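For reference, the structure discussed in these notes is given below.
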2 protein chains.
Amino acid sequence: MTPLSPRQQQILDFLRSFIEEHDYPPSIRDIQEGCGISSTSVVDYNLRKLEEKGFIRRDREISRGIELLGARGRRTRIVEVPLLGTIAAGQPIPVPSSDRWASEAEDYVPVTEEMVRGRSNVFALKVRGKSMIDDLIDDGDIVFLEPVRHADDGDRVAVWLKDRGEVTLKRIYRENGRIRLQPANSAMEPIYTTADNVEIQGRFISSIRPSE
Amino acid sequence: MTPLSPRQQQILDFLRSFIEEHDYPPSIRDIQEGCGISSTSVVDYNLRKLEEKGFIRRDREISRGIELLGARGRRTRIVEVPLLGTIAAGQPIPVPSSDRWASEAEDYVPVTEEMVRGRSNVFALKVRGKSMIDDLIDDGDIVFLEPVRHADDGDRVAVWLKDRGEVTLKRIYRENGRIRLQPANSAMEPIYTTADNVEIQGRFISSIRPSE
DNA sequence: GGTTCCCGCGAACATCCGTTCGGAAGCCGC
DNA sequence: GCGGCTTCCGAACGGATGTTCGCGGGAACC
């Protein structure tokens, strides 16, 4: 439906690479030079065509007022999630209090917004050790959690088990008075305990296993 | 480490919201108006401060030549990884041939460059089913693989087991004539087989477990 | 008081940059 | 041929925009 002339395709490619490199759009004369075009009016003409065909959006009278559109031009945004520490057996996780939230972050993990979509105040923890291997969380993984105190049945939550002095990450179910903590690996046995023994420290949002 | 004056914080917030809205950076006078500042030189002064402190990068003499930097002054790029299909028990994975590589991708998964760093031709597969639960790969996970035919001992590889008609993801070790495939979960038993029964289809790079 | 530094103000300047206009070459269908 | 359409060219206009300079207020310090 959209026949693109070679010149228009060339300009579109240049737009993508320029934005990739600079993080801001090129000026008309940047495009002119980058594509070897002899006149700015040619650039303007073809930009109008690209706008008609729905590949870009232009803000008139504004320098560099070009916005890439379309499925391939869609912009994936990055969220910098505060890395608050490590999660390991035998230690409570450093849940942030609302007043001093990201201020004490030692680092930030940049992830695409899909990883935390919709959730607010998400924080990250690096997993140390293999204590949560039954929950499909390996040493070196990074988990993203939402700081909540309560959860619904079936939620994956990070819970502090008081009697064991251990934090783990399991699905939680309330069953007539007691708590069932179900590992993600269904071949493993669930933990049964009482409500006053567990303390919910966060809800699992997502996780990544970085390249080694 | 870097105390930000209220004015500088205000400008930084404005920068973020402006770019969020327009996809291109504001001009000095946009900032001036948006922050209620009476002179462009004040904006310039504070932008210099923000650059010194590593929050932005400026291209001098260039309109809207402002680039937002993330934590630690680094810039995170996004890589669009082609999603070539699913990986499930009983099916070989759709390894790309070099000639028709990304052309048949049904979709693309945007991830931060850390997830594929350095590797080329990385492709993504969505995991269906729990057949690889012993390798800490859950239903719904997305794994990123590098298309290789050979691997070193200890590499995590996706292998096609001919006798089982199954693909799995394990660490590979060659032990005097036979092959040991070690699950990531050390509580699980390894698979022993012969070299001619396994076909390496890719090397594991990283994986993500998206939010539900 | 004097000095220094941070921060803000206003104006002016030179350039950057989007826009516009006249013209022309090539192509297609009638 | 002829009209219409697309594409390209060169130049000029005017507004947009980054930069610079002098000045001043206020706080901290000696």
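Just so you know, these numbers come straight off a predicted model, no measurement behind them. Just so it is clear: chains get the letters A, B, ... in the order the sequence lines come, proteins before strands, and each one is counted from 1.
Distance from the side chain of A/D44 is smallest for C/dT19 among the nucleotides C/dC7, C/dT19, D/dT7. Relative to the side chain of A/T40, the nucleotides D/dC9, C/dC7, C/dT19 differ in distance, and C/dT19 lies closest. Of all nucleotides listed (D/dT7, C/dC9, C/dC7), C/dC9 comes nearest to the side chain of B/V42.
In this model, no side-chain donor or acceptor of A/S38 finds a partner on the base of D/dG10 within 3.5 Å.
The pair A/R174-A/D153 meets the salt-bridge criterion, since a charged nitrogen lies less than 4.0 angstrom from a carboxylate oxygen. A salt bridge does not link B/R77 with A/D23: none of the charged nitrogens is closer than 4.0 Å to a carboxylate oxygen.
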Working for side chain to side chain donor-acceptor pair (under 3.5 Å), residues B/R29 and B/Q32
CA-CA 5 Å; B/R29 284 173 177 84; B/Q32 180 191 2; 4.9 Å; no
For A/D152 and A/R203, run salt bridge (Lys or Arg N to Asp or Glu O under 4.0 Å): C-alpha distance rounded to whole Å, both residues' side-chain angles, the deciding distance at 0.1 Å, then the answer.
CA-CA 10 Å; A/D152 297 330; A/R203 174 162 44 208; 5.0 Å; no
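Checked by atom type, the side-chain pair A/S63/B/R64 shows a donor-acceptor distance below 3.5 Å. Side-chain contact check for A/S27 and A/D30: at least one donor-acceptor pair (N or O, by modelled atom type) lies under 3.5 Å.
Each of B/S41 and A/R48 lies near DNA chain C, and the nucleotide nearest B/S41 is the one positioned closer to the 5' end.
Residue A/Y45 contributes atom OH, which lies 17 Å from atom P of D/dG10 at whole-angstrom precision. Between A/N46 atom CG and D/dC9 atom P the separation is 10 Å, expressed in whole Å. C/dC16 atom P lies 18 Å from atom CD1 of B/I66, rounded to whole Å. The separation between A/E52 atom CD and D/dT7 atom C1' is 13 Å, rounded to whole Å.
Using a 4.0 Å cut-off on heavy atoms, the residues of residues 26-35 of chain A that approach DNA chain C are A/S27, A/I28, A/R29, listed by number. Contacts of residues 57-64 of chain A with DNA chain C (heavy atom under 4.0 Å): A/R58, A/R60, A/E61, A/I62, A/S63, A/R64.
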Indicate for each nucleotide in nucleotides 23-29 of chain D, in 5' to 3' sequence, whether protein heavy atoms under 4.0 Å reach the base (B), only the sugar-phosphate (S), or nothing (-).
-------
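Within the nucleic acid shown, B/S39 comes within 4.0 Å of at least one base atom, counting heavy atoms only.
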